[in-house]
Amino acid sequence: MSEASANLERMAPSTHTPTISAAQARRTALAAQGFGRTGTASAVGTRQLNGLIDRLRLLQIDSVNVFERSHYLPVFARLGSYDKSLLDALTLRTRSPYTEYVAHEAAFLRRDDLPLFDWRKRAMRERYAGDDWEQRNGATARWLLDELADRGPLAASEIEHEENVRKGPWWGWSEVKHTLELLFRFGDVVIAGRNRFERRYALPHQVFPSAVLDRVVPVQDAVRELVLRSVRALGIGTLGDVADYYRLKNAPTAIALRELEDAGEVQQVSVAGWERSGRPAPTWLATGAKMPRAVRASALLSPFDPVVWERARALRMFDLDYRIEIYTPADRRVYGYYVLPVLQDDRIVGRVDLKSDRKAGVLIVQSAWEQPTADADTPDRLAALLREAAQWQGLSAIEVRDRGTLAGRLADAVSSAP
């Protein structure tokens, strides 16, 4: 039996494994993610932003801007209103302390963490090497690397080449953009900040110090460190939850969890109600994780927030069957285009489809839906949260459209505000 198989075999909880309630697990997860912490909007500065990113370890990036770009939203959800330019200064500058890579998906993370993903860069290269990539794209890649050596950092739009033409509709990348993105995944180029949210590409030595470029982390050590960070960021999670945070495979994640358990960094527990095939699902708790008796929170969750980005975990933890419907044809959408779950305390009580009409200065609630966990206070608390969100977005009004099981009561709560 292989080491991976042996570790997977050992994962069934024993009779000595402590059991906690589903509510305790939920509050532990939210506390680990930074909810329930006290603070005021005036206190949100660079120190708080750095502290939150260090807690989450990454901010997932998405270009959809119908309400607000995704990476800004986890900060607002946890810290409240803040100056987005402070986060831009941390993440978008050429020599920022943060950079981008495919961590969960594309995400901002500390540049010093980049060596932990060298194994992924190699895997990406090997994946495409077997697909005649060099034969089809090698000449373009070599030309681009020369251009960046001479002129970098550069955005794709700044590079003149006969292949730098969009193909298809607006999402169709040019050959230059496509090749740059692959070189980025291979580690041959890095992201040197953004300009109006457009990526700027560079050679690694043009951006990073030798302390980052020369650091070598063996694969097993890198995976173990990523697994530890996953458990600490999640607070508590199953094997699948932990592996998903950095999109790791289950087998090496299982090996790392056993090593971390032996080192006292994590503890195996059972969560009541988290059964799999009638048996308790193997679950790990971060050593020292806080398990508060209550969590006070009111938040809009991005579709790419770690609390809800893994569908099975959201269903197990919050009884929320959630998927983003951006890519679903309009006539087949159930809840809306850009739907954000609504967190109140330790429950997800609803979901709202939001749009920022920046020209008119209006936050539009295109639909609002309640979950079975909603209570009588839900509309008023959500109305207050939407007023804060509108102010944060620089919008002066809220319009609630008549679609969804919560829309009528939410409209009344919004209109009755002083």
Side-chain angles (χ1 to χ4, degrees), residues 46 49-50 53 57-65 69-72 84-122 124-125 128 133-134 137-167 170-217:
T46 299
L49 296 176
N50 281 320
I53 301 174
R57 309 308 311 194
L58 53 82
L59 291 175
Q60 187 170 332
I61 304 166
D62 189 81
S63 61
V64 175
N65 197 26
R69 287 195 170 97
S70 177
H71 68 285
Y72 293 113
K84 292 185 295 182
S85 69
L86 294 178
L87 187 59
D88 290 345
L90 288 176
T91 56
L92 303 185
R93 291 184 290 111
T94 298
R95 289 177 175 80
S96 164
Y98 296 91
T99 189
E100 301 180 31
Y101 194 61
V102 185
H104 179 77
E105 294 291 339
F108 292 114
L109 67 161
R110 281 202 177 270
R111 70 180 187 185
D112 292 345
D113 293 345
L114 204 54
L116 295 174
F117 297 94
D118 284 348
W119 60 271
R120 178 163 288 167
K121 297 171 188 176
R122 292 192 294 270
M124 291 275 191
R125 188 186 300 278
Y128 284 92
W133 186 85
E134 172 64 28
N137 302 93
T140 301
R142 288 187 292 273
W143 182 85
L144 286 169
L145 292 173
D146 287 342
E147 281 290 289
L148 292 176
D150 291 341
R151 303 170 53 212
L154 295 169
S157 61
E158 296 175 301
I159 300 175
E160 295 182 2
H161 190 275
E162 60 185 6
E163 295 294 339
N164 197 18
V165 178
R166 285 187 180 271
K167 298 177 180 179
W170 63 269
W171 61 87
W173 285 350
S174 69
E175 187 65 25
V176 164
K177 174 69 172 177
H178 179 73
T179 304
L180 284 168
E181 284 294 309
L182 287 177
L183 292 172
F184 161 60
R185 282 157 175 76
F186 300 164
D188 293 329
V189 304
V190 297
I191 305 305
R194 291 181 178 238
N195 183 19
R196 296 185 179 180
F197 213 64
E198 183 182 14
R199 276 175 167 165
R200 303 181 75 239
Y201 301 87
L203 301 182
H205 71 269
Q206 293 172 330
V207 178
F208 299 139
S210 58
V212 173
L213 298 179
D214 297 341
R215 183 182 171 204
V216 176
V217 184

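Owing to the predicted nature of the structure, the values given are computational and were not obtained by experimental measurement. For the single chain, residues carry numbers from 1 onward in sequence order.
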>> Counting C-beta onward and ignoring hydrogens, is there a side-chain heavy-atom pair between Asn137 and Glu175 closer than 4.5 Å?
In response: yes
> How far does CG of Leu182 sit from CG of Leu144, to the nearest 0.5 angstrom?
Replying inline: 11.0 Å
> Of all heavy-atom pairs between Ala103 and Leu58, which one has the smallest distance, and what is that distance?
Replying inline: CB-CD2, 3.8 Å
> Which atoms form the tightest heavy-atom contact between Arg200 and Thr94, and what is the distance?
Replying inline: NH1-OG1, 3.5 Å
>> Do Phe117 and Leu109 have side chains that approach each other closer than 4.5 Å (heavy atoms only, starting at C-beta)?
In response: yes
>> So does Ala89 get a backbone contact from the side chain of Arg93, meaning a donor-acceptor N/O pair under 3.5 Å?
In response: yes
>> Nearest 0.5 angstrom please: Leu213 CG to Leu114 CG, how far?
In response: 8.5 Å
> Can you check whether Leu87 reaches Leu59 side chain to side chain, under 4.5 Å on heavy atoms?
Replying inline: yes
>> Show the nearest heavy-atom pair for residues Phe108 and Leu92, with the distance to one decimal.
In response: CZ-CD2, 3.8 Å
> Do the side chains of His71 and Ile53 get nearer than 4.5 Å, heavy atoms only?
Replying inline: no
>> Over 60° means perpendicular and under 30° means parallel, so tell me whether Tyr101 and Phe184 are parallel, tilted or perpendicular.
In response: perpendicular
>> How long is the straight-line distance from CG of Asp150 back to CG of Leu203, given to the nearest 0.5 Å?
In response: 9.5 Å
> Does a side-chain N-to-carboxylate-O contact under 4.0 Å join Arg199 and Glu100?
Replying inline: yes
> Just how far is it from atom CZ of Arg196 to atom OG of Ser157, taken to the nearest 0.5 Å?
Replying inline: 10.5 Å
> Under a 4.5 Å cut-off applied to non-hydrogen side-chain atoms, are Phe197 and Ile61 in contact?
Replying inline: yes
> How long is the span from the OG1 atom in Thr140 to the CG atom in Leu145, to the nearest 0.5 Å?
Replying inline: 11.0 Å
> Would Ile159 and Leu180 satisfy side-chain contact (heavy atoms from CB on, under 4.5 Å), going step by step from the backbone distance to the final call?
Replying inline: CA-CA 11 Å; Ile159 300 175; Leu180 284 168; 4.0 Å; yes
>> If you define the side chain from C-beta out and look only at heavy atoms, does anything of Val212 sit under 4.5 Å from Val207?
In response: no
> How about Gln206 and Tyr201: do any of their side-chain heavy atoms sit closer than 4.5 Å?
Replying inline: no
> Quick one: NZ on Lys121 to CG on Asp118, what's the gap to the nearest 0.5 Å?
Replying inline: 4.5 Å
> Closest approach of Pro204 and Gly187, non-hydrogen atoms and distance?
Replying inline: CG-O, 3.7 Å
> Minimum heavy-atom separation for Arg111 to Ser96, with atom names?
Replying inline: CD-O, 3.6 Å
>> Salt bridge check, Arg125 against Asp188: does any charged N sit closer than 4.0 Å to a carboxylate O?
In response: yes
>> Minimum heavy-atom separation for Ile191 and Thr99, please, with both atom names.
In response: O-OG1, 3.7 Å
> Without hydrogens or angle criteria, can the side chains of Asn65 and Tyr72 be said to hold a donor-acceptor pair below 3.5 Å?
Replying inline: no
>> In the structure I gave you, are the side-chain heavy atoms of Asn50 and Arg110 within less than 4.5 Å of one another anywhere?
In response: yes
